[in-house]
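What you see is a predicted model; the values in this text were computed from it and never measured. Just so it is clear, the values below take in all heavy atoms, side chains as well, and ignore hydrogens, waters and symmetry mates.
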Amino acid sequence: MALSKKRVYEVARELGVPTKELIEALAEMGMPGLKAVNTVEEEEAEVIRELLLEHRGRREGTPSQEAVQGPPQAGQPRPPVVAVLGHIDHGKTTLLDTIRKTHVTQQEAGGITQSIGAYQAEIDGRLITFIDTPGHKAFTSMRARGAQVTDIAVLVVAADDGVMAQTLEALDHIKAAGVPMIVAINKIDKPEANPDRVKQELAQLGYTPDDWGGDTIMVPVSALTGQGVQDLLEMILLVAEMEDIRGDPKGELEAIVIESHLDPARGPTATVIVKNGTLRERDMVVVGTTWGRIRALVDHQGRRIKEAGPGTPVQLLGLEDVPPAGERLQLVKKPGQAKAMVEERRREALDARRVARPLMTFEDLLEAAEKKRLAVVLKAESVGALDAARLELGTIETEGVDLEVLHAGVGPITESDVLLVASVQEAQPLVVGFGVKVDPKARRAADERGIPVRTYDIIYDLTEDIQRAMRRLLGPEFVEVKVGEAEVLKTFDIDGVGRVAGCVVRSGRVIRGARVKVLRLGEEVFAGEIGSLKRFAQDVREVQSGRECGIRIRDWDDVQVGDVLEVYTLEEIQV
């Protein structure tokens with residue numbers, strides 16, 4: 001007779017702890033290989049219960065069920081926000097439509113189902129919010145504005161096609177976003193479907209399936225027949241539970257525009273996803289360079305609602321103008337405050353357009369030294385050229401600087417490439433092409449965001465420039481160049497000035513403002529800067545060999561007769 005099996009997350013629910021916490025506790029007890037998606041025998045589940053209680057008892061002093069509950073978390077679990085990405089023909093839209101038809105609660109009488117750019121599906125009493133704008137361009141454009149809307153990404157890969165060029169691009173966008181990913185292996189109903197080939201291709205890219213002992217959850221589905229879709233939704237809820245996705249309805253409002261347009265009848269409309277806090281009718285909000293009092297909130301089933309809490313998608317009416325996707329909502333108290341904020345933002349935007357500031361060039365990038373990470377999108381004219389360029393980039397090593405290739409693909413540089421590199425934080429962005437052209441939309445997007453875009457026909461030039469950029473991220477390097485030497489013959493202590501050294505220049509020259517090392521009996525006793533230089537009573541810029549002078553060393557009064565002053569300058573090493 002088959003033994004009863006339980007998933008680890010089911011055991012976690014029975015114990016009243018988050019799945020992530022259970023897995024971490026088991027890892028501490030020497031069971032790091034146990035994955036949340038694995039099943040365990042009923043007897044093993046009982047052992048896990050006992051081990052966790054014992055572990056909690058040792059750590060907290062009492063093995064009671066109350067101890068197992070752990071400290072309360074901020075807020076409460078909220079519906080995860082999910083984006084679906086993948087190759088154009090692999091079934092993203094079909095999957096979203098299937099979920100909508102089978103898992104969206106029946107609307108109330110009089111409601112009119114409409115597309116607002118997002119919807120909520122209900123699974124076993126729990127909700128998932130899907131962004132109904134498939135495609136990594138939409139996924140990334142909001143991040144380029146600094147808005148991280150998505151909690152979980154679902155990558156759709158067709159079982160009959162396998163990994164394609166846009167699959168790789170989507171993978172790079174998901175990786176850059178830093179959100180957990182679930183792979184939906186679609187079209188398993190087709191005779192030529194080969195899910196294992198998809199798993200093998202993804203494993204070769206570093207995404208090992210969970211049923212092969214890896215960390216990447218992969219679920220076989222058929223968006224056409226609905227097979228496996230329930231399993232996919234359960235996995236989304238599991239990941240949401242493991243990530244402990246929460247929101248506080250009473251907390252500070254965090255809401256982001258994902259879609260907007262001008263409706264001929266209703267005026268400017270914007271679809272917003274609330275991630276924290278609560279958005280209500282009659283709230284006054286500022287969104288980018290527009291504002292308004294919310295006249296109505298409409299859910300994805302066309303129903304008018306009074307408020308929207310964490311994880312909820314909602315369409316709002318009442319703004320003065322159409323805001324762009326990625327803008328955040330900010331609550332304000334009074335119309336005057338809202339108008340003042342909008343006017344200030346509009347003025348800043350106008351000033352930014354008027355100022356003829358030079359756009360960031362590759363040379364500007366070489367001068368930037370704030371960050372020590374170079375984030376690159378690489379495009380090439382062919383697979384062979386791409387492989388050659390990637391191979392060359394892999395040989396570049398600069399200590400103290402990380403080179404991260406966010407995405408490498410075949411074809412011209414596109415707007416999506418620019419948006420991807422623009423969305424990365426804490427890094428210097430760069431888009432490079434090898435034997436390819438730049439799409440006009442990409443050029444405009446790069447100009448707007450100040451992203452350097454550079455193309456090459458010779459691979460050596462490409463790698464040399466990237467290596468130069470990496471070196472310059474460390475800041476300029478300098479070398480000491482000795483320009484002269486002077487000996488201290490006398491010292492003078494002057495009120496309000498300090499000690500002045502009367503010297504003779506033995507070789508070279510002494511320069512005001514130059515660096516100086518003080519040698520006493522052959523040992524360096526101080527290194528600093530020449531603060532003032534006089535010849536007789538006059539201030540001079542430099543004194544040549546064989547002449548006498550008075551030298552004041554900045555912030556140091558211990559110079560003595562017999563000291564030797566080595567004078568040097570710092571010259572930047574050109575890279």
Donor-acceptor pairs under 3.5 Å, side chain of residues 483-494 to any protein atom, not counting sequence neighbours: which ones?
from, atom 1, to, atom 2, distance (Å)
E485, OE1, K482, NZ, 2.9
E487, OE1, R506, NE, 2.9
E487, OE1, R506, NH2, 2.7
D493, OD1, R499, NE, 2.9
D493, OD2, R499, NH2, 3.4

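- Looking at R515 and E480, no side-chain N of the basic residue comes within less than 4.0 Å of a carboxylate O on the acidic one, giving no salt bridge.
- Pairing each heavy atom of G247 with each of R78, the nearest pair is N-CG, 3.8 Å.
- Defined by atom type and a distance below 3.5 Å, a donor-acceptor pair is present between the side-chain atoms of Y456 and D465.
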Under the side-chain contact (heavy atoms from CB on, under 4.5 Å) rule, what do D402 and L374 come out as? Steps first, then yes or no, please. CA-CA 6 Å; D402 292 328; L374 185 64; over 6 Å; no

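- Side-chain contact check for K339 versus W291: some heavy-atom pair is nearer than 4.5 Å.
- Residues T208 and L202 have side chains not in contact (no heavy-atom distance under 4.5 Å, counting atoms from C-beta outward).
- More than 12 non-hydrogen atoms from other residues, nucleotides or ligands lie less than 6.0 angstrom from NZ of K517.
- For R520, the salt bridge (charged side-chain N to carboxylate O under 4.0 Å, His left out) criterion is met by D558, D563, not counting sequence neighbours.
- Residue L378 holds its CG atom at 10.0 Å from CG of L430, rounded to the nearest 0.5 Å.
- Sequence neighbours left out, the pairs with a member in residues 378-389 that pass salt bridge (charged side-chain N to carboxylate O under 4.0 Å, His left out) are K379-D417.
- A distance of 11.0 Å separates CG of L420 from NZ of K175, quoted to the nearest 0.5 Å.
- Not a single side-chain hydrogen bond (donor to acceptor under 3.5 Å, both in side chains) links Q337 to another residue, sequence neighbours left out.
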Test side-chain contact (heavy atoms from CB on, under 4.5 Å) applied to R373 and E404, step by step: CA-CA 7 Å; R373 176 173 162 234; E404 182 179 358; 2.5 Å; yes

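- Contact check for V510 versus I530: side-chain heavy atoms found under the 4.5 Å cut-off.
- The structure places CG of D439 at 8.0 Å from CZ of R444, a figure rounded to the nearest 0.5 Å.
- Residues satisfying the side-chain hydrogen bond (donor to acceptor under 3.5 Å, both in side chains) criterion with Q330, sequence neighbours excluded, are R345.
- When the salt bridge (charged side-chain N to carboxylate O under 4.0 Å, His left out) test is applied to D539, the partners found at least two apart in sequence or on another chain are K534.
- Formation of a donor-acceptor pair under 3.5 Å by the R552 side chain with backbone atoms of S532 is not found in this model.
- Checked against salt bridge (charged side-chain N to carboxylate O under 4.0 Å, His left out), E392 has no partners two or more places apart in sequence or in another chain.
- For the pair V505 and C549, the tightest heavy-atom approach, listed with the atom from each and the gap, is CG2-SG, 4.1 Å.
- Evaluation of the ring pair (Phe, Tyr, Trp, His ring centres under 6.0 Å) test over residues 529-562, restricted to residues two or more places apart or in two chains, returns F526-W556.
- Electrostatic pairing of E542 and R512 does not count as a salt bridge here, judged by no charged N lying under 4.0 Å from a carboxylate O.
- The main-chain N or O of V286 is never found under 3.5 Å from a side-chain atom of T290 such that the two would form a donor-acceptor pair.
- Salt-bridge annotation for K275 and D151: present, with a side-chain N of the basic residue lying under 4.0 Å from a carboxylate O of the acidic one.
- Side-chain contact between V376 and L406: absent, with no pair of heavy atoms (C-beta onward) separated by less than 4.5 Å.
- By the 4.5 Å heavy-atom criterion applied to side chains, R449 and L419 are counted as neighbours.
- Of all heavy-atom pairs between Y568 and A514, the closest is O-CB, 3.7 Å.
- In this structure, V567 and I511 approach most closely via the heavy-atom pair CG1-N, 4.1 Å.
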Evaluate the side-chain contact (heavy atoms from CB on, under 4.5 Å) criterion for residues I466 and L403: first the C-alpha distance (whole Å), next the side-chain angles of each, then the deciding distance (0.1 Å), finally the verdict. CA-CA 9 Å; I466 286 182; L403 172 62; 4.2 Å; yes

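- Using a 4.0 Å cut-off between charged side-chain N and carboxylate O, R246 and D248 make no salt bridge.
- Looking at heavy atoms from C-beta onward, L393 lies in side-chain contact with V405 at the 4.5 angstrom threshold.
- Side-chain contact between I182 and L155 is absent, with no heavy-atom pair separated by less than 4.5 Å.
- With values rounded to the nearest 0.5 angstrom, R468 atom CZ is found 11.5 Å from T463 atom OG1.
- What you find for P80 and I245 is that their closest heavy atoms are CB-CD1, 3.9 Å.
- Partners of P249 according to the side-chain contact (heavy atoms from CB on, under 4.5 Å) rule, which considers only residues two or more places apart in sequence or in another chain, are Q76, T278, P310.
- Other residues, nucleotides and ligands contribute over 12 non-hydrogen atoms within 6.0 Å of the CD atom of Q204.
- Among residues two or more places apart in sequence or in another chain, the side-chain hydrogen bond (donor to acceptor under 3.5 Å, both in side chains) test is passed with R390 by none.
- Taken from CD in E327 to CD1 in I258, the straight-line distance is 14.5 Å, to the nearest 0.5 Å.
- Looking at L565 and V518, their side chains come closer than 4.5 Å, going by heavy atoms from C-beta outward.
- Here the CZ-CZ distance, from R541 to R535, works out to 15.5 Å after rounding to the nearest 0.5 Å.
- In terms of heavy-atom proximity, A153 sits nearest to V179 at CB-CG2, 4.0 Å.
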Applying salt bridge (Lys or Arg N to Asp or Glu O under 4.0 Å) to D321 and R346, what does each step give before you reach the verdict? CA-CA 13 Å; D321 296 304; R346 287 175 178 171; 3.2 Å; yes

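- Under the salt bridge (charged side-chain N to carboxylate O under 4.0 Å, His left out) criterion, D461 pairs with no residue, sequence neighbours left out.
- Scored by the side-chain hydrogen bond (donor to acceptor under 3.5 Å, both in side chains) test, D172 finds H407 as partners (sequence neighbours excluded).
- Using modelled atom types, no side-chain atom of S260 and backbone atom of A270 make a donor-acceptor pair closer than 3.5 Å.
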Check step by step if side-chain contact (heavy atoms from CB on, under 4.5 Å) holds for D215 and Y207. CA-CA 7 Å; D215 295 320; Y207 302 94; over 6 Å; no

